[in-house]
Amino acid sequence: LTTLDLSNNQLSGIVPTGIGAFTNLILLDLSRTNFIGVISEEHFAGLINLKKLDLSSNSLELVVDTVWIPPFSLKVALLASCQMGHLFPAWLQWQLEISKLDISSTTLMDKIPDWFWDTFSHTIYMDISDNQLSGSLPAHLIDMAFVELNMSSNLLTGPIPPLPRNITVLDMSTNSFSGTLPSKFVSHPVLRTKPN
């Protein structure tokens, strides 16, 4: 089995830990179902080939040890509305190949760690909105690969550095940024802000 897609169903109950035995699994999509309960390290134990994980729009809780190192290297991680606890998930620092990351509305209430922006400097799409994440933006944001970046509804502070060169969609609303806008912000050739 290389693909397990159970999305957009009325499936309920807990997710069996037996999925962790599918060592050839590349895609696991449990999004938009009625699953409940905890997804733990045991669910991922044998998923050494996993590249896309979608647990979004569920009542699932992702609970792993703070020192857990995943057996996989994801390209896509969609975890919106998946409860991840208040601390920033340390296991994400090992996901160096991610091009699309969504951890919006995941109850995070932590400072964005120093490793975060370096780990995801090659990410194209990122959504960290609707949490209580604090911290400031890195000075080297301009060198990052973001095309779409949503940081809205957090507790981010400090100045806005020069924007990523390829950015087309940027939402920084409902934070506590201060200072002046970068000189190229208004004249950015392709940037469009998210409409209200």
Side-chain angles (χ1 to χ4, degrees), residues 1-8 11 14-33 35 37-108 110 112-131 133 138 141 143-151 154 164 166-167 169:
L1 189 68
T2 59
T3 297
L4 178 58
D5 187 345
L6 302 175
S7 63
N8 293 292
L11 294 167
I14 61 172
V15 178
T17 57
I19 343 183
F22 297 137
T23 55
N24 293 319
L25 204 63
I26 296 172
L27 181 151
L28 175 61
D29 191 343
L30 306 178
S31 63
R32 295 173 296 281
T33 59
F35 286 125
V38 170
I39 298 290
S40 67
E41 297 168 29
E42 192 174 356
H43 288 88
F44 301 120
L47 304 186
I48 56 174
N49 291 298
L50 193 65
K51 292 299 177 186
K52 180 178 180 180
L53 174 65
D54 192 345
L55 302 178
S56 57
S57 302
N58 273 305
S59 296
L60 292 170
E61 184 178 2
L62 183 55
V63 179
V64 294
D65 194 277
T66 54
V67 295
W68 178 60
I69 299 177
F72 49 71
S73 183
L74 297 174
K75 292 185 180 296
V76 176
L78 305 176
L79 306 171
S81 302
C82 186
Q83 304 307 295
M84 301 176 72
H86 296 322
L87 298 179
F88 203 90
W91 64 271
L92 284 176
Q93 67 185 299
W94 306 106
Q95 303 306 301
L96 302 175
E97 299 179 14
I98 285 188
S99 61
K100 188 171 186 178
L101 174 68
D102 188 345
I103 53 172
S104 60
S105 304
T106 50
T107 68
L108 297 175
D110 202 1
I112 295 179
D114 293 337
W115 52 260
F116 180 79
W117 298 108
D118 288 330
T119 298
F120 298 109
S121 62
H122 300 292
T123 301
I124 303 298
Y125 171 93
M126 179 182 288
D127 190 341
I128 61 173
S129 64
D130 296 304
N131 286 297
L133 293 171
L141 190 65
D143 296 321
M144 297 186 182
F146 297 125
V147 172
E148 295 188 28
L149 177 59
N150 188 347
M151 301 179 282
N154 277 293
N166 297 319
I167 195 81
V169 179

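Atom set for the values below is all heavy atoms of this structure, side chains included, hydrogens, waters and symmetry mates excluded.
- With sequence neighbours left out, E97 forms a salt bridge (charged side-chain N to carboxylate O under 4.0 Å, His left out) with K51, K75.
- Remark: side-chain polar atoms of Q83 are not paired, donor with acceptor, to backbone N or O of V38 under 3.5 angstrom.
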Kindly indicate, with the supporting measurements, whether the criterion side chain to side chain contact (heavy atoms under 4.5 Å, CB included) is fulfilled by L74 and L50. CA-CA 6 Å; L74 297 174; L50 193 65; 3.9 Å; yes
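- Listed by first and then second residue, the ring pair (Phe, Tyr, Trp, His ring centres under 6.0 Å) pairs that reach into residues 46-65 come to none, sequence neighbours excluded.
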Less than 3.5 Å apart, which donor and acceptor atoms pair up between the side chains of residues 117-126 and the rest of the protein, not counting sequence neighbours?
from: D118; atom 1: OD1; to: H140; atom 2: NE2; distance (Å): 3.2
from: T119; atom 1: OG1; to: W115; atom 2: O; distance (Å): 2.9
from: S121; atom 1: OG; to: D118; atom 2: O; distance (Å): 3.1
from: T123; atom 1: OG1; to: I98; atom 2: O; distance (Å): 2.9
from: T123; atom 1: OG1; to: F120; atom 2: O; distance (Å): 3.3

Distance-only check: which donor-acceptor pairs under 3.5 Å involve side-chain atoms of residues 15-30, not counting sequence neighbours?
from: D29; atom 1: OD1; to: S31; atom 2: N; distance (Å): 3.0
from: D29; atom 1: OD1; to: S31; atom 2: OG; distance (Å): 2.6

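- A donor and an acceptor atom, one from each side chain of D127 and S129, are located under 3.5 Å apart.
- Among the candidates I112, I128, N131, the single residue satisfying the side-chain contact (heavy atoms from CB on, under 4.5 Å) test with M151 is I128.
- Among residues at least two apart or in separate chains, there is no salt bridge (charged side-chain N to carboxylate O under 4.0 Å, His left out) pair with a member in residues 85-94.
- Going from atom CG of N49 over to atom OG of S73 covers 11.0 Å, rounded to the nearest 0.5 Å.
- Not counting sequence neighbours, the partners of D143 by the salt bridge (charged side-chain N to carboxylate O under 4.0 Å, His left out) test are R165.
- Within the structure, every pair that satisfies the side-chain hydrogen bond (donor to acceptor under 3.5 Å, both in side chains) test and touches residues 55-69, not counting sequence neighbours, is listed here: T33-N58, D54-S56.
- Legend: residues meeting side chain to side chain donor-acceptor pair (under 3.5 Å) with N8, ordered by chain and number and at least two apart, are R32.
- Legend: residues meeting side chain to side chain donor-acceptor pair (under 3.5 Å) with S40, ordered by chain and number and at least two apart, are H43.
- With sequence neighbours excluded, no residue forms a ring pair (Phe, Tyr, Trp, His ring centres under 6.0 Å) with W94.
- Here the CG atom belonging to L53 is positioned 8.5 Å from the CD1 atom belonging to I39, to the nearest 0.5 angstrom.
- Counting heavy atoms of neighbouring residues, nucleotides and ligands inside a 6.0 Å radius, atom CD1 of I14 does not exceed 12 of them.
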side-chain hydrogen bond (donor to acceptor under 3.5 Å, both in side chains) evaluation trace for T3 with D5: CA-CA 6 Å; T3 297; D5 187 345; over 6 Å; no
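- The two residues T107 and M84 have their closest heavy-atom pair at OG1-N, 3.9 Å.
- Under the side chain to side chain donor-acceptor pair (under 3.5 Å) criterion, D110 pairs with no residue at all, not counting sequence neighbours.
- Distance CG/L108 to CG/L133: 5.5 Å, rounded to 0.5 Å.
- Under the ring pair (Phe, Tyr, Trp, His ring centres under 6.0 Å) criterion, F35 pairs with no residue at all, not counting sequence neighbours.
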Just do the side chain to side chain contact (heavy atoms under 4.5 Å, CB included) check on I167 and M144 with the steps written out, would you? CA-CA 9 Å; I167 195 81; M144 297 186 182; over 6 Å; no
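- Checking side-chain atoms of Q93 against main-chain N and O of A90 turns up a donor-acceptor pair under 3.5 Å.
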